[in-house]
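Report on the following structure.
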Number of protein chains: 2
Amino acid sequence: MKKDEKLEELCDVNDVHRHLVDSVSMDMPEEEILYDLAELFKVFGDTTRIKILYTLFEAEMCVCDIAEILNMTQSAISHQLKILKNAKLVKSRRDGKQIIYALDDEHVGSIIKMGMEHIEER
Amino acid sequence: MKKDEKLEELCDVNDVHRHLVDSVSMDMPEEEILYDLAELFKVFGDTTRIKILYTLFEAEMCVCDIAEILNMTQSAISHQLKILKNAKLVKSRRDGKQIIYALDDEHVGSIIKMGMEHIEER
DNA sequence: TAAACATATGAACAATCATTCATATGTTTG
DNA sequence: CAAACATATGAATGATTGTTCATATGTTTA
């Protein structure tokens, strides 16, 4: 049949692949969601921020304490805390001259834990 | 007492903070572990790689299919697949001319799911 | 074995990013 | 209110990274 031959030409390989392409397109989340998701993981993708999160996992803390613990500049820590705060992973409150930072989401622990499990088992 | 006054000078704020600093240093994982962890999340921190993982969540697939689904260059996909493979998130096998890629770890789903939950609730 | 096909890869480039430095904002204390 | 303290922030810079382009590697088929 000529019609099927033409169809064969149009497809890269065969119909199985074509159907696969269609079904995946269905279940793929919206572009914006995927962007936000990648953006979130990007926040976890930095050693300094991971260390800050680990630190706050222990207790809420002011900026200068975190800087001292990580042996880094106050400025560097402040910049990273802002990123963590924008990602809603950390919250802050003022206490006198200090700004106290704390974890803002119970998912922080779960996500880090999952990551740990993965890297530990190879 | 003179001794305590001197101690007060040495401390940034007070002893409570000092003790905090010590205890956190105790529970902080080794530098190398923290680096690997950040490196892992960095892999999730890119839209293209997130899309690839979502795609493979549906079914194992060859490079050209993924490229077609994501409407991207074969080269770009291949480069990203290499990164995913290095992170042990994806595995590959040859099938004739094609290389079939598939998810290599059950944590991929869990990690993405956790991320999704976080961005969905604010 | 030559041509076609599927994938991998290195170099180059633009874009993104973490840190530093200098300085601004905001709070307390004397 | 001025000085000291804690934090935030903008600009600059070096480093990292995703994509493209050209090409190499490896497999099948005619």
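Both backbone and side-chain heavy atoms feed into the values below; hydrogens, waters and symmetry mates do not. Chain identifiers are assigned alphabetically (A, B, ...) following the order of the sequence lines, protein sequences preceding nucleic acid strands; residue numbering begins at 1 within each chain.
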d([atom1], [X]; [atom2], [N]) in whole Å:
{"X": "B:K85", "N": "C:dT9", "atom1": "NZ", "atom2": "P", "result": "9 Å"}
{"X": "A:Q80", "N": "D:dT9", "atom1": "CD", "atom2": "P", "result": "13 Å"}
{"X": "A:I52", "N": "C:dT19", "atom1": "CD1", "atom2": "C1'", "result": "12 Å"}
{"X": "A:Y101", "N": "D:dT7", "atom1": "OH", "atom2": "P", "result": "9 Å"}
{"X": "B:L81", "N": "C:dA6", "atom1": "CG", "atom2": "C1'", "result": "13 Å"}
{"X": "B:F44", "N": "D:dT17", "atom1": "CZ", "atom2": "C1'", "result": "18 Å"}
{"X": "A:K82", "N": "C:dT19", "atom1": "NZ", "atom2": "P", "result": "16 Å"}
{"X": "B:M61", "N": "C:dT7", "atom1": "CE", "atom2": "C1'", "result": "17 Å"}

Regarding A:K113 and A:E120, does a basic nitrogen lie under 4.0 Å from an acidic carboxylate oxygen? no
Which residue lies toward the 5' end of DNA chain C, A:R94 or A:A76, if each is placed at its nearest nucleotide? A:A76
Has the side chain of B:S75 got a donor or acceptor atom sitting under 3.5 Å from an opposite partner on the base of C:dT9?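 Such a pair exists between side chain and base.
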Taking N and O atoms by type only, does the side chain of B:Q74 place a donor or acceptor under 3.5 Å from a partner on the base of C:dA8?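 When only heavy-atom distances are counted, B:Q74 does reach the base of C:dA8 through a donor-acceptor pair under 3.5 Å.
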Starting at [atom1] of [X], measure out to [atom2] of [Y] and round the result to the nearest 0.5 Å.
{"X": "A:E117", "Y": "A:M114", "atom1": "CD", "atom2": "CE", "result": "5.5 Å"}
{"X": "B:I52", "Y": "B:L103", "atom1": "CD1", "atom2": "CG", "result": "11.0 Å"}
{"X": "B:I69", "Y": "B:I77", "atom1": "CD1", "atom2": "CD1", "result": "9.5 Å"}

Per [X] side chain, nearest of listed nucleotides [options]:
{"X": "B:K42", "options": "D:dA8, D:dT20, D:dT17", "value": "D:dT17"}
{"X": "B:C64", "options": "C:dT7, D:dG18, D:dC21", "value": "C:dT7"}
{"X": "A:K97", "options": "D:dC5, C:dA6, C:dA18", "value": "D:dC5"}
{"X": "A:S78", "options": "C:dT19, D:dT19, D:dT9", "value": "D:dT9"}
{"X": "B:R49", "options": "D:dG18, C:dT19, C:dA18", "value": "D:dG18"}
{"X": "B:H79", "options": "D:dA8, C:dG10, C:dA18", "value": "C:dG10"}

Kindly assign one of parallel, tilted or perpendicular to the pair A:F41 and B:F41, based on the angle between their ring planes and the thresholds 30° and 60°. parallel
Short side-chain N/O contact to C:dT20 OP1/OP2 from A:T73, under 4.0 Å: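 Checking A:T73 against C:dT20: at least one side-chain N or O falls below 4.0 Å of OP1 or OP2.
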Would you indicate what A:I100 reaches in the nucleic acid, counting non-hydrogen atoms under 4.0 angstrom: base, sugar-phosphate, or nothing?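 It contacts nothing in the nucleic acid.
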